[in-house]
Amino acid sequence: MLIRTHNCGQLRETNIGATVRLAGWVNAYRGHGTGLVFIDLRDRYGVTQVVFDGEQHDPDTMKLADHLRNEDVIAVEGTVRIRVGGENPKLVTGKVEVVVSKFEVLGKTDPLPFLPDDSGSGGKLANEDIRGKYRYIDLRRPAMQHILSSRHRLYQSTRRYFDENGFLEIETPILYKSTPEGAREFLVPSRNVPGSWYALPQSPQLFKQILMVAGCDRYMQICRCFRDEDPRADRQAEFTQIDLEMSFVRREQVMEMMEGFVRRLWKDMCGYDVPPIPRMPYREAMERFGIDRPDTRYGLEITDISEVAARTDAAFFTETLAKGADRPRFNSKRGVVKAIRIPGGAEKLTRKLTDGYHEFVRSFGAGGCAAVKVNAQGDFETGIAKFLAPVKNELFAVLGLRPGDTVLFVADLYAVATKALGELRQKVARDIGLIPKPGSEGGPWNFLFVIDFPMFERDKESGRWIAMHHPFTAPRDDQADAFVHADVNDEITIESIVSAGYDIVLNGQEIAGGSIRIHDRTVQSKVFQLLGMTPEQAREKFSFLLEALSYGAPPHGGIAFGLDRLVMNFVGTANIRDVIAFPKTQTGQDLMTSAPSKATDEQLRDVFVKSTHEPPRG
RNA sequence: GGGGCGGUAGCUCAAUUGGUUAGAGUACCGGACUGUCGAUCCGGUGGUUGCGGGUUCGAGUCCCGUCCGCCUCGCCA
């Protein structure tokens, strides 16, 4: 076999005259019969043109060369020379070509289901199901090779940064104990302990805390996590986190370390200097943006106009405002009227769009969305204009209205109106083209720390308290006393406790989340109690953690980044499957290997499992 | 679990209101061709219209069920 001396992206004018060997895939063939044949040879590094000249080969060899087809694997030996037919500026190797003296077909291909060409046939890629089934062909596309290599660079940059900062990379178990609080888990039956099951970790949360108790001081891991929930375009059941934990820190130190990491990563990945990352309390994010991960690349902020709306005769405002009662810090239970001013909306937002917004907010539980335009004379027009006339001046002042604007209103309970307008704000921004493409297109990267989350919220279904982040999140330092002394039945106090959690938000996307952890057994027990766990239940599930906390636990905290989403940002895709070498579909299937698949009766017997699945009839 | 879009040649798509033998590009096969670079030109092979049922004189097209892919709500401590 001819062993290559160079790769297909390497040869330049300086190599002219050299005898070289290349190997790779046939990317294109351009034959002129037995007289002259061109082959574009491709590997991960690039494309090089190789030439078969009829004067140097017998007709049988030329015939063989003339029948090379896309994706045949070949190796060639030959001489580098300047391109006789002129440069091809599309290729980095485009000034030279290799005149073949010897060649071997290393792997003849069968006809392919599709060609790994980024432009695809007719400018379109094959559909995702067919590309998934033949993933190894799709991954040959230069765009996919670029993504794999970007992901690799991200791993390396990450490991360098944390190594330089004294973090130990430590692996934690994949076969793990079930802790059924958060997401649904994947279960693995045990053979040696009949009737018992492992779970795959939703995250290494408890292990990394215990590593702190174990004196590891600083831990990091690029780890696989598993959550058996329905996927989305940016979510897979099996995904990767950059997970870390630090001892003897408060949230300032963790956030500083994270800001340094983000700065390093963006510098390494795309040469971008991340400016100081601003911080925004959760409540402010909810008030101004209606969401805990605000996209701060554009305005369209939300304004509470309840006071003004109360002075109108509009029953759909005043009836809503009469509902409920306020709460001191979070989770307000009152009825509110909120509005978004859309500058220039009178022109940009068609009737069809604003009608659509009514339906859109209804899908988030709101009663509807009203719209008014401000005409050139500065008067309200259309929709609920007549109800607003009496408070026109106040509305203009509080919303900063100008002729040509549109205002969108939602009146509902605080939580519903906030959520609906938060979602609507993003939809309007998309509709009128306010969102720049991040990264590669030169658009801005807007980072934000969101802090001061509530510790607890009510579960919508059961009405029980649940931890907003997770049950190991500590109260903010100045809240600890209030929390420890709070009556668990004192709803208003409990819901106003602020946690020591923090998220990093990039362009409206949560890319990392973490917290200072509870390192005090008493505080941890109180959290479990509040979450409705008896001491016995807490011990049953988390005895190892509670014990660990009782044997000399350092204060500690950490954070986890969603690695897949980071890569998505750097390579500019909205599809998480693009950045995972072997992804799964919406039903969690791997189209290439056909996982999941049936287990044999024998396999099931070995692990003491009996299937209750009834095969479909017929 | 709910909602939406889609499934026609290996691939990407078309096919009028339900109406003749389901077409095109590309890939593949054969042929021509000595400077191409998405080579070109000529010819050819290729179809269980996802699957099952129904309506109809007649179904790619309409109806019911089902499978698969994508988007989305719920869900994702």
Side-chain angles (χ1 to χ4, degrees), chain A residues 27-40 47-56 62 66-67 69-71 83-91 93-94 97 99 109-134 137-138 179-185 202-203 205-206 225-237 239 359-360 362-365 419 423 455-457 459-461 464-473 501 510 513 515 527 531 562 574-575 577 584-587 589 591 594 616-618:
Chain A
N27 198 55
Y29 66 95
R30 295 178 291 276
H32 295 263
T34 51
L36 184 67
V37 172
F38 299 97
I39 298 290
D40 285 346
V47 171
T48 301
Q49 172 165 285
V50 303
V51 191
F52 296 81
D53 189 332
E55 291 176 7
Q56 298 184 27
M62 287 307 289
D66 194 36
H67 281 80
R69 288 297 178 264
N70 287 326
E71 302 308 306
R83 274 184 181 239
V84 176
E87 179 182 351
N88 182 349
K90 290 181 196 165
L91 302 179
T93 61
E97 63 188 9
V99 198
T109 182
D110 282 343
L112 290 116
F114 60 95
L115 287 176
D117 179 349
D118 283 332
S119 60
S121 81
K124 292 189 72 173
L125 296 175
N127 285 329
E128 271 203 65
D129 48 353
I130 195 80
R131 284 163 47 209
K133 182 172 179 187
Y134 302 97
I137 298 174
D138 199 37
T179 54
E181 256 67 45
R184 191 180 300 116
E185 297 173 316
Q202 300 172 35
S203 81
Q205 180 61 36
L206 298 180
C225 304
F226 305 87
R227 296 179 188 173
D228 189 7
E229 302 290 350
D230 288 352
R232 287 287 184 277
D234 61 353
R235 216 166 76 189
Q236 286 257 300
F239 64 102
E359 284 311 308
F360 181 77
R362 287 170 62 89
S363 73
F364 297 98
K419 160 107 177 157
E423 297 291 338
M455 283 271 284
F456 304 100
E457 59 187 343
D459 183 65
K460 283 181 216 74
E461 282 167 24
R464 296 189 315 192
W465 288 116
I466 53 175
M468 187 149 182
H469 185 49
H470 57 54
F472 319 105
T473 299
E510 183 194 326
S515 60
V527 170
L531 299 181
N575 181 348
R577 294 177 298 279
K584 293 184 175 59
T585 69
Q586 292 248 323
T587 51
Q589 300 184 65
L591 296 174
S594 300
R617 277 168 298 177

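Numbered from 1 within each chain, the chains take letters A, B, ... in sequence-line order. Computed from heavy atoms alone, side chains included, the values below leave out hydrogens, waters and symmetry copies.
Under the 4.5 Å side-chain criterion, counting only non-hydrogen atoms from C-beta, A:V99 is in contact with A:Q56. When side chains are defined from C-beta on, A:F456 counts as touching A:V527, because their heavy atoms get closer than 4.5 Å. The side-chain heavy atoms of A:F52 and A:D66, taken from C-beta on, include no pair separated by under 4.5 Å. Side-chain contact between A:M455 and A:W465 is absent, with no heavy-atom pair separated by less than 4.5 Å. The side-chain heavy atoms of A:R227 and A:S203, taken from C-beta on, include a pair separated by under 4.5 Å. Residues A:T585 and A:R577 are not in side-chain contact: their nearest non-hydrogen atoms beyond the backbone lie 4.5 Å or more apart.
With both pairing distances under 3.5 Å, B:G58 is matched to nothing as a Watson-Crick or G-U wobble pair. B:C28 is paired with B:G44 under the Watson-Crick or G-U wobble criterion, all donor-acceptor distances under 3.5 Å. Pair assignment for B:U20 gives none, since no Watson-Crick or G-U wobble pairing has each distance under 3.5 Å. Applying the Watson-Crick and G-U wobble criteria (two distances, each under 3.5 Å), B:U8 pairs with nothing in any strand.
Once rounded to the nearest 0.5 Å, the distance linking CD1 of A:I137 with CG of A:D117 reads 13.0 Å. Rounding to the nearest 0.5 angstrom, the gap separating the CG atom in A:D40 from the OG1 atom in A:T93 is 8.0 Å. Considering CG of A:L531 and CD1 of A:I466, their distance stands at 9.0 Å, rounded to 0.5 Å.
Comparing B:U36, B:C28, B:C75 by their nearest atom to the side chain of A:R69 picks out B:C28. Here the nucleotide nearest the side chain of A:P113, chosen from B:G10, B:C37, B:G38, is B:G10. The side chain of A:L36 sits closest to B:U34 out of B:U36, B:U34, B:C71. The side chain of A:E229 lies closest to B:C76 when the candidates are B:C29, B:C37, B:C76. When distances are taken from the side chain of A:N70 to each of B:C76, B:A27, B:U12, the shortest belongs to B:A27.
Within the 4.0 angstrom heavy-atom criterion, no nucleotide atom of any strand lies near A:L531. Counting non-hydrogen atoms under 4.0 angstrom, A:E510 reaches nothing in the nucleic acid. Within the 4.0 angstrom heavy-atom criterion, no nucleotide atom of any strand lies near A:G132. Within 4.0 Å of A:G94, counting heavy atoms only, lies no atom of the nucleic acid at all. Within the nucleic acid shown, A:A28 comes within 4.0 Å of sugar-phosphate atoms alone, with no base atom in reach, counting heavy atoms only.
On the C1' atoms, B:G23 is 23 Å away from B:C62, given to the nearest whole Å. Spacing of P atoms, B:G4 relative to B:U17, comes out at 23 Å, to the nearest Å. Rounded to whole Å, the P atom of B:A15 lies 28 Å from the corresponding atom of B:U55. Distance noted for atom P between B:G46 and B:A22: 13 Å (whole Å). Here the separation of B:G53 from B:A59, taken at their C1' atoms, is 14 Å to the nearest Å. Rounded to whole Å, the P atom of B:A14 lies 26 Å from the corresponding atom of B:C67. Straight-line distance between the C1' atoms of B:C57 and B:G50: roughly 28 Å, to the nearest whole Å. Distance noted for atom P between B:G30 and B:C64: 48 Å (whole Å).
Rounded to an integer number of Å, the gap from CG of A:N127 to P of B:A9 is 11 Å. The nearest whole Å value for the distance from the CG atom in A:D66 to the C1' atom in B:C29 is 13 Å. One atom, CG of A:D118, and another, P of B:U12, lie 16 Å apart when rounded to the nearest Å. Rounded to whole Å, atom C1' of B:G10 lies 11 Å from atom CD1 of A:I137. As a whole-Å value, the separation of A:D234 CG from B:C70 P is 14 Å. A straight line from CZ of A:R184 to P of B:C75 spans 12 Å, rounded to a whole angstrom. Straight-line distance from the CG atom of A:D117 to the P atom of B:U12: 14 Å, rounded to whole Å. Whole-Å rounding puts the A:L91 CG to B:U36 P distance at 15 Å.
Not one side-chain nitrogen or oxygen of A:R30 sits closer than 4.0 Å to the OP1 or OP2 atom of B:U36. For the pair A:H67 and B:C29, the criterion of a side-chain N or O lying under 4.0 Å from OP1 or OP2 is not met. The phosphate of B:C13 has OP1 or OP2 within less than 4.0 Å of a side-chain N or O from A:K124. Residue A:K419 places at least one side-chain N or O under 4.0 Å from the OP1 or OP2 atom of B:G74. In this model, the phosphate group of B:A27 is not approached by any side-chain N or O of A:Y29 to a distance below 4.0 Å at OP1 or OP2.
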Extract from the structure each pairing of a protein N or O with an N or O of nucleotides 1-4 of chain B at less than 3.5 Å, listing the distance.
residue, atom, partner, partner atom, Å
B:G1, O6, A:D230, OD2, 3.3

Look for any protein N or O under 3.5 Å of an N or O in nucleotides 67-69 of chain B and output each such pair with its distance, or none.
residue, atom, partner, partner atom, Å
B:G69, OP1, A:T585, OG1, 2.7
B:G69, OP1, A:T587, OG1, 3.1
B:G69, OP2, A:T587, OG1, 3.0

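Note on ring orientation: taking the six-membered ring where Trp is involved, the planes of A:F364 and A:F360 are perpendicular (angle over 60°, cut-offs 30° and 60°).
By the 5.5 angstrom centroid cut-off and the 30-degree plane limit, A:F114 is classified as not stacked against the base of B:C11.
Between A:P231 and A:R235, the shortest heavy-atom distance links the atoms CB-O, 3.3 Å. Across all non-hydrogen atoms, the minimal contact from A:M62 to A:G33 is CE-O, 4.5 Å. Across all non-hydrogen atoms, the minimal contact from A:Q202 to A:F239 is O-CZ, 4.3 Å.
Comparing A:N88 and A:A233, the nucleotide of RNA chain B nearest to each residue sits closer to the 5' end for A:N88. Between A:Q202 and A:K584, the residue whose closest nucleotide on RNA chain B is further toward the 5' end is A:K584.
Scanning atom types as modelled, one donor and one acceptor separated by under 3.5 angstrom connect the side chain of A:R83 and the base of B:C37.
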